[in-house]
Amino acid sequence: TLPCLPGARPCIPKDFGHGSLVCVCNATYCDTLDPLVLPAPGSYVKYESSKAGKRLERSEGKFQSSLHTSGTTTGGRRCHCETPGHRGLSRGLPVGLLLTVNISTLYQRVKGFGGSLSDAAAMNILKLSQPAQDNLLRSYFSECGIEYNLIRVPMACSDFSVRPYSYDEVPHDYELKHFRLVDEDVKMKV
């Protein structure tokens, strides 16, 4: 397996013919990011990916202290997230993206970021060689990757399962006397 080296390893793009690219991650190579560093107060870091080939391209910017509109102050922060050659998120938006962040109002705490480990994902991961599995999981969960810290595991089957199943197939077993995990859980997800 690959050690966690300082500095980013670039994406080696692979085209499957559907108008988008994926980055190669196998037993001998996986792209990585520069280590994440929190931006200074009043600054932000933006990572952008695109169908055109950008892969978590990093850019930085600074927030303005306040937003003045018609002589009033909103109490938020203002940032223009425009990058060279970038004309908004779609052709219909004006140049420059304006985000207003009201730092005095908090709605919820973010516990982390992650993904889903469905039966289909687990089956595909298990088909990889052990070094490729290690590199793939490192690219998701380590400091060399995108540092996921949460994962969602569907209970029983989902639309990404190869067969329908539940944890208790006995009708009217309200006391769950026949409850049990199935092979998909024991062999692939737990």
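Along the sequence shown, residues are numbered consecutively beginning with 1.
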Neighbour count above 12 (heavy atom, 6.0 Å) for [X] [atom1]:
X    : atom1 : result
F160 : CZ    : no
Y167 : OH    : yes
R180 : CZ    : no
L150 : CG    : yes

Report the distance from atom [atom1] of [X] to atom [atom2] of [Y], rounding to the nearest 0.5 Å.
X    : Y    : atom1 : atom2 : result
L38  : S43  : CG    : OG    : 11.5 Å
E184 : C157 : CD    : SG    : 9.0 Å
S118 : M123 : OG    : CE    : 7.5 Å
E147 : Y140 : CD    : OH    : 15.0 Å
N124 : L136 : CG    : CG    : 10.0 Å
I125 : K127 : CD1   : NZ    : 12.0 Å

Do [X] and [Y] touch side chain to side chain, with heavy atoms closer than 4.5 Å?
X    : Y    : result
H178 : E169 : no
D183 : Y165 : no
I146 : F113 : no

Could you pull out the closest heavy-atom pair between [X] and [Y], with the gap in Å?
X    : Y    : answer
R9   : Y29  : NH2-CD1, 2.8 Å
N149 : G112 : OD1-CA, 3.1 Å
G115 : Y148 : N-CE2, 3.6 Å
R55  : C23  : NE-SG, 3.1 Å
L117 : P154 : O-CD, 3.3 Å

Exercise for the section: Report yes if the SG atoms of C30 and C25 are separated by under 2.5 Å, and no otherwise. Expected result: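 A disulfide is present here, as the SG pair of C30 and C25 is separated by less than 2.5 Å.
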Is it the case that the side chain of [X] and the backbone of [Y] share a donor-acceptor pair, with hydrogens and angles ignored and the cut-off at 3.5 Å?
X    : Y    : result
N135 : A27  : yes
Q133 : L128 : yes
S161 : P164 : no
S49  : L56  : yes

Exercise for the section: Taking ring pair (Phe, Tyr, Trp, His ring centres under 6.0 Å) as the test, write out the residues that go with Y47, two or more places apart. Expected result: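 Residues passing ring pair (Phe, Tyr, Trp, His ring centres under 6.0 Å) with Y47: none at all.
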Handout entry: Donor-acceptor side-chain pairing of D168 and S166 below 3.5 angstrom
Key =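 No, because no side-chain N or O of D168 sits under 3.5 Å from a partner of the opposite role on S166.
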Practice task
Please lay out, stage by stage, how D119 and K189 fare under the test side-chain contact (heavy atoms from CB on, under 4.5 Å).
Solution key: CA-CA 8 Å; D119 291 0; K189 296 184 288 187; 2.7 Å; yes
